[in-house]
Amino acid sequence: MKILVINCGSSSLKYQLIDSATEEVLAKGLCERIGIDGMFTYQKAGSDKQVSQIDQPDHKKSVQLVIDALTDKENGVISSLSEIDAVGHRVVHGGEKFAESTLITDDVIKAIEGCNELAPLHNPANIIGINACKELMPSVPQVAVFDTAFHQTMPEEAYLYAIPYEYYTKYAIRKYGFHGTSHSYVSKRVADILGLDYNKAKIVVCHLGNGASICAVDGGKSVETSMGLTPLMGLSMGTRSGEIDPGVMEFIANKEGLELKEIMTILNKKSGVLGISGVSSDFRDLDAASADGNAQAKAAKAEFIHRVVSYVGGYVAVMNGVDAIVFTAGIGENDKGVRTEVCKHFGYLGIAIDEEKNSKRGEEIVISTDDSKVKVLVVPTNEELMIARDTERLAK
Ligand code: ADP
């Protein structure tokens, strides 16, 4: 089957056309600045990227551009729209309603809308993408794959917040967790690579990108994860604070005369490693600034690593053991220094890193030594492939 995978944001739309038989990406690209002016990127497998300015007043126009590019006589990869067998959509928040991917119906769209309050920046954009595809490809089955679904297996003690219980029953305020598609894909790969029984393995997944979260996967199920009701919780990230004492918010409000909304913007956009370093949200810039002796950049990296260590350590305890720790996403896949520094703290578990293997980039690799008691790996994430697999299964 040929599956079109769509990841729709409020002003952007990422796409990939995947042949599910070979799991090959036939073409991929990005629509940006939707509703502003419009940039369109298209890349056919084995060819160079093509970037052009094309007006995109709305997402429907963007989806049309994607279809036109994929079916283009010269540069396309399919001869007509009828070759697209199914569309898989990344949907950020499925609340407690969706513990699995699902075929999209009108009722499902309503249920996703019901979760909009939980992800006001993301879910409405996801629905816009779904509706645009429905209009242009009415007979093609569409599937929703949720970032939160994998974590619906967390036990109550992990997802409840210690606030009045009525906020959970009335408003569904609880920990949901995100990056579920990535945590699921990467943990499965680890079991395959190491030859472990996925239903018995204990794996800690460190998804360290601009957004970052850690997940404890015990017997193929997420039992604990670091993001919460929203993706603001847990590790410090590029620009997000992650976990802070909620009292900090009142303190800043009083001192600086700020409204809650302004404080939320600070915690989402001006905090994290950008906030501490004052340099950048990007680890490449922090590495460069640290090497130049910038003390705040060093402090930002050290704080980030410290938090990763404390979550990983906590999750090993939650699972009462660990077979493997795996790094993925932009920082996890590329920053060997971060991996080394994190793993230094787990000597007591018998972890040892082979620095030569740790220097490799862009491939699936076991970076621990042969005699390391717990295996440490790097596995590049592939959320699109996971979406394509679920879409194929449900569309069939
Ligand atoms: P997201 O999907 O959350 O936007 P990514 O997983 O793409 O994020 O990760 C992006 C981040 O990865 C960058 O902001 C940067 O901090 C980090 N990164 C990417 N390449 C490197 C590298 N070579 N060395 C260190 N960090 C890197």
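One-based numbering, in listed order, for ligands and for the atoms of each. For reference, positions follow the sequence shown, starting with 1.
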Quick check: does any side chain N or O of Glu364 sit under 3.5 Å from a backbone N or O of Val379, one acting as donor and the other as acceptor?
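No: the side chain of Glu364 does not pair with the backbone of Val379.
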Are Arg174 and Tyr159 in a cation-pi contact, defined as NZ or CZ under 6.0 Å from the six-membered ring centre and within 45° of the axis?
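Relative to the ring axis of Tyr159, which defines the angle, Arg174 lies inside both limits.
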Under a 4.0 angstrom heavy-atom cut-off, which atoms of ligand 1 come close to Ala329?
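Matching atoms, with element in brackets: 6 (O).
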Ligand 1 atoms in contact with Asn210 (distance to a heavy atom under 4.0 Å)
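Per the distance check, 1 (P), 3 (O), 4 (O), 5 (P), 8 (O), 9 (O), 10 (C), 11 (C).
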With only distance considered, is [X] within less than 3.5 Å of ligand 1 through an N or O on each side?
X: Gly330; value: yes
X: Gly211; value: yes
X: Phe283; value: yes

Compute whether any side-chain donor of one residue and acceptor of the other, for [X] and [Y], lie under 3.5 angstrom apart.
X: His179; Y: Ser213; answer: yes
X: Asn334; Y: Arg361; answer: yes
X: Glu83; Y: Ser79; answer: yes
X: Glu355; Y: Asn358; answer: yes
X: Ser11; Y: Glu32; answer: no

Considering heavy atoms of the protein only, find what lies nearest to [atom] and give residue, atom and distance to 0.1 Å.
atom: atom 15 (C) of ligand 1; result: Asp282 OD1, 3.3 Å
atom: atom 19 (C) of ligand 1; result: Arg284 CZ, 3.5 Å
atom: atom 22 (C) of ligand 1; result: Asn334 CB, 3.3 Å
atom: atom 25 (C) of ligand 1; result: Asp335 OD2, 3.6 Å

Residues Tyr176, His151; criterion ring-ring contact (aromatic ring centres under 6.0 Å, His included); working and verdict
CA-CA 7 Å; Tyr176 288 96; His151 302 298; over 10 Å; no
Between Ile331, Val273, Thr328, flag the one that comes closest to atom 17 (C) of ligand 1 by a heavy atom.
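It is Ile331 whose heavy atom sits nearest to atom 17 (C) of ligand 1.
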Determine, counting only non-hydrogen atoms of the protein, whether one lies under 4.0 angstrom from atom 2 (O) of ligand 1.
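Within 4.0 Å of atom 2 (O) of ligand 1, no protein heavy atoms are found.
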